[in-house]
Amino acid sequence: QVRLVESGGGSVHPGGSLRLSCAASGINFSLYTMGWYRQAPGQQRELVANINSKGSTNIADSVKGRFTISRDNAKNTMYLQMNSLKPEDTAVYYCHADLLGLGLDHAYNYWGQGTQVTVYS
């Protein structure tokens, strides 16, 4: 059974920080491109950042310079360090796993259940 479990969400004031974790099981973690997506109410789910098997990253322009994605293959865990948080970062953040970054729809492609991040003044 494949499981992706997010943790670390919560409520924070603007300028604050949170660190999200995604713990994976049931997959060969090191073979998967891992990513963070987010979805705000009434909006489409969007890519925040991802990191492939070699450690190369893609970061959305909206969070570049503020968020850092990383992974620890020994722990089967991906992280998102979020600094200088803004109200527009408020969303449900989802963990995603994609075998070799192939983008194969409906196969070798998994989602977590999400964790809420709220930034409020």
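Position 1 is the first residue of the sequence, and the numbers go up from there.
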> Can you give me the closest heavy-atom contact between Val48 and Phe67, atom names plus distance?
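Closest heavy-atom pair between Val48 and Phe67: CG1-CD2, 3.7 Å.
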> For residues 10-97, which residue pairs qualify under disulfide (SG to SG under 2.5 Å), counting only residues two or more places apart or in two chains?
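Qualifying pairs: Cys22-Cys95.
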> State whether a side-chain donor-acceptor pair under 3.5 Å links Ser70 with Asp72.
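Short answer, no.
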> What's the separation between atom OG in Ser56 and atom CD1 in Ile69, rounded to the nearest 0.5 Å?
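Ser56 atom OG to Ile69 atom CD1 measures 11.5 Å (nearest 0.5 Å).
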> Give the cluster check for Leu31 versus Ile51: same hydrophobic cluster or not, with ILVMFWY residues linked at side-chain heavy-atom distances below 4.5 Å.
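Yes, Leu31 connects to Ile51 through the hydrophobic network.
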> Could you list the residues that satisfy side chain to side chain donor-acceptor pair (under 3.5 Å) with Thr57, not counting sequence neighbours?
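Listed in chain order: nothing, the list is empty.
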> Let me confirm one number: the CE-OG1 distance from Met82 to Thr68, rounded to the nearest 0.5 Å.
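Between Met82 CE and Thr68 OG1, I get 11.5 Å after rounding to 0.5 Å.
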> Step by step, work out the side chain to side chain contact (heavy atoms under 4.5 Å, CB included) result for Asn109 and Leu104.
CA-CA 7 Å; Asn109 197 305; Leu104 299 174; 5.7 Å; no
> Run through the side-chain heavy atoms of Ile, Leu, Val, Met, Phe, Trp and Tyr, join any pair under 4.5 Å, and report what else lands in Val92's cluster.
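Traced through the cluster, Val92 reaches Tyr37, Leu47, Tyr94, Trp111.
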> In this structure, would Tyr79 and Phe29 fall into the same cluster of hydrophobic residues linked by side-chain contacts under 4.5 Å?
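No: no chain of side-chain contacts under 4.5 Å links Tyr79 to Phe29.
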> For Leu18, run the side-chain contact (heavy atoms from CB on, under 4.5 Å) check against Leu80, Asn83, Leu85 and tell me which one passes.
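So the option named by the test is Leu85.
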> Run the side-chain donor-acceptor check on residues 114-121: report pairs under 3.5 Å with partners two or more places apart or on a different chain.
residue : atom : partner : partner atom : Å
Thr115  : OG1  : Gly9    : N            : 3.3
Gln116  : NE2  : Ala91   : O            : 3.4
Gln116  : NE2  : Thr118  : OG1          : 3.3

> Taking atom CG of Leu4 and atom OH of Tyr110, what is their separation to the nearest 0.5 Å?
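Interatomic distance, Leu4 CG to Tyr110 OH, rounded to 0.5 Å: 9.0 Å.
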> Find the distance between CE (Met78) and CH2 (Trp36) and round it off to the nearest 0.5 Å.
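Going from the CE atom of Met78 to the CH2 atom of Trp36 covers 4.5 Å.
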> Would you list the pairs meeting salt bridge (charged side-chain N to carboxylate O under 4.0 Å, His left out) in which at least one residue belongs to residues 22-43, sequence neighbours left out?
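Of all non-adjacent pairs touching residues 22-43, those that pass salt bridge (charged side-chain N to carboxylate O under 4.0 Å, His left out) are Arg38-Glu46, Arg38-Asp89.
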> Sequence neighbours left out, what passes salt bridge (charged side-chain N to carboxylate O under 4.0 Å, His left out) with Lys64? Give chain and number order.
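Checked Lys64 against salt bridge (charged side-chain N to carboxylate O under 4.0 Å, His left out); matches are Asp61.
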> Quick check: closest heavy atoms across Ile27 and Ala24, and the distance to 0.1 Å?
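For Ile27 versus Ala24, the nearest heavy atoms are CD1-CB, 4.1 Å.
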> When rounded to the nearest 0.5 angstrom, what is the spacing between CG in Asn76 and OG in Ser25?
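Separation between the atoms: 8.0 Å.
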> Tell me the closest heavy-atom pair linking Ser17 and Ser84, and the distance in Å.
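It is OG-N, 4.3 Å.
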> Looking only at heavy atoms, which two atoms of Gln39 and Gln43 are closest? And how far apart?
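What the structure gives for the nearest pair is NE2-O, 3.0 Å.
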> Mark yes or no for whether Thr77, through its side chain, and Ala23, through its backbone, hold a donor-acceptor pair below 3.5 Å.
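No, the answer is negative, given that no donor and acceptor are paired below the 3.5 Å cut-off.
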> If you measure from OG on Ser7 to OH on Tyr93, what distance do you get to the nearest 0.5 Å?
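If I round to the nearest 0.5 Å, the distance is 15.0 Å.
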